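Chain A is the first sequence line, chain B the second, and so forth, proteins listed ahead of strands; every chain is numbered from 1. As the structure is a prediction and not an experimental result, all values here were calculated from the model. All values below come from the heavy atoms of this structure, side chains included, with hydrogens, waters and symmetry mates left out.
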Protein chains: 2
Amino acid sequence: MATQRGRNGKGIGKGIGKGIGKANPAEDEAVYQAILHALLEGKLKAGVKLAEPPLADIFGVSRERIRKVLHRLGAERRLEMIPNRGARVPRPTLDDVRRVYEAHRVLEAGVLTQLVRHVDDALIEKLTAHLAEERAAATRGDRAASVRLSGAFHVHLVEALGNAELTRFLADLLSRSSVMVSVYEPATDSICAVDEHGAIVEALRARDVARAIAVSREHFLHVESRLHLDDDPAPVSEDLTSVFATVKPKRRKR
Amino acid sequence: MATQRGRNGKGIGKGIGKGIGKANPAEDEAVYQAILHALLEGKLKAGVKLAEPPLADIFGVSRERIRKVLHRLGAERRLEMIPNRGARVPRPTLDDVRRVYEAHRVLEAGVLTQLVRHVDDALIEKLTAHLAEERAAATRGDRAASVRLSGAFHVHLVEALGNAELTRFLADLLSRSSVMVSVYEPATDSICAVDEHGAIVEALRARDVARAIAVSREHFLHVESRLHLDDDPAPVSEDLTSVFATVKPKRRKR
DNA sequence: CGCGCGAAAAATGTGCACATTTTTTGGAGG
DNA sequence: CCTCCAAAAAATGTGCACATTTTTCGCGCG
């Protein structure tokens, strides 16, 4: 009912419309990125239903296109797919959040253990520079940058190992926790205190594994302790149009 | 319900019987499991092309069904999907394999660090019992069981933490390495020496983190050292029918 | 014998027309 | 006012007919 497109019969006058059965992989990717971005940005609140027809209308693509993207996001566990009932933004429990933080904590312990074997001046320098960035963002009160840089610190640590599998796993955890903060937002100033990050770098510089792990562990426990259950079920604005207001649809219904 | 029935407008009514457009989620799952199983079992060799038409024929389902499963396996990075060129069993390089083993090693270091805090008699007992199983399999020369139990040991370790995220990540790594052994198979007797597993349990019992990690690390390095590049490109039998010989198709072409 | 190079064949990608749910709606009855 | 229930409406699931590649094949030329 939405983007009804003249699909000319068999062979008659097919010449005109450039794209009839055209393959456009970039379009899939654009829709995927748009939804994923809205998800990571926290614009799509937990529990929101993502129905196919409205999304197809918003993005100006066929429903099958949307369907494929939705299922892909479901396979990545970024959306909750229920048979015959569509896709929803997952509503993580407090235990889910704790589990993600714990996984990050355990992973980082392993990363630090391995990292002290390969730490060199260049790495320390890079991390120190990053700390300076974090401090700058904190002092100027740039909360968005603080949150971003705070996550980036841990990414730098795992990236220093140069192992794509580990990097991917961490990215997965971070992206999941970023969605969660929209539900259980700490609401305090900086998520990760810069000082705690600095202590990790210090321990690394000293090649002190035990201290690095201890500091990292305390750091995570500190963050976890700040989580609080916002027991407000929230009305969740079901208005998808406003969420994807930035997208430029090729054609909208109206 | 079934207000309308006549569906075969032009298509020759070949599929008369019962379900025409029925929803059967179990069927998707069956196909998915069958292909995944063949993949993990090593029956599907690296580099093999998984074309849709033959698979649809083998499993007796529509091509769309196959297509969906293939894309799902691609999203899970178990198959390599190339636009317009279909799905192939990935052909991991030696570096890929090393990366997976390293990731497992790093992860286990973190797991052990966390585990010594929660280790109790029940866990030690469970692991000891597992070691007995491994020894039994080794002494009676049951290679298949040895390989399986060897992987299970590490699963037990991470499961002891009770963190689904970590368990999933390990399962992911293990499943990937299991595919890889078909290319770079150690070909020696037991993949993981039981003694090395026993040493890990011993260190856990003593609550000695450093030793546990050191032993685990040596263990993995030992396994990694056995990897060898089988530079034989292998003719890879492209015969999918024999691979899925066990499946009972509802209808086969010829 | 190898090497293009076009045409045929096969395989992948996509919109659409339905079937099959699920959800909403609108009363009748308590 | 609330509950229950059947019918309508909406949303999801699936096969199919193509369009669009990609791959294979055949054949003439150097």
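To the nearest angstrom, C1' of C/dG13 lies 16 Å from CD1 of B/I66. What separates CD of A/E64 from C1' of C/dC18 is a distance of 12 Å, to the nearest Å. What separates CZ of B/F59 from C1' of D/dG15 is a distance of 19 Å, to the nearest Å.
With sequence neighbours excluded, the residues satisfying salt bridge (Lys or Arg N to Asp or Glu O under 4.0 Å) with B/R67 are B/E52.
For A/Y32 and A/E76, the side-chain atoms include at least one donor-acceptor pair closer than 3.5 Å.
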Give each protein N/O atom lying under 3.5 Å from an N/O atom of nucleotides 8-12 of chain C, with the pair distance.
{"unit_1": "C/dT12", "atom_1": "OP2", "unit_2": "B/E52", "atom_2": "N", "d": "3.1"}

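Note on B/S62: every side-chain N or O is 4.0 Å or more away from OP1 and OP2 of D/dT14. Between A/K68 and C/dT14 there is a side-chain polar atom (N or O) within less than 4.0 angstrom of OP1 or OP2.
The aromatic rings of B/F169 and A/F169 lie parallel to each other, with less than 30° between the two planes, well short of the 60° mark.
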Worked check of ring pair (Phe, Tyr, Trp, His ring centres under 6.0 Å) between B/F220 and B/H154
CA-CA 11 Å; B/F220 277 104; B/H154 299 281; 5.3 Å; yes
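Between B/K49 and B/E80 there is no salt bridge, since no side-chain nitrogen of the basic residue lies less than 4.0 Å from a carboxylate oxygen of the acidic one. Taking 4.0 Å as the cut-off between side-chain N and carboxylate O, B/E224 and B/R99 do not count as a salt-bridged pair.
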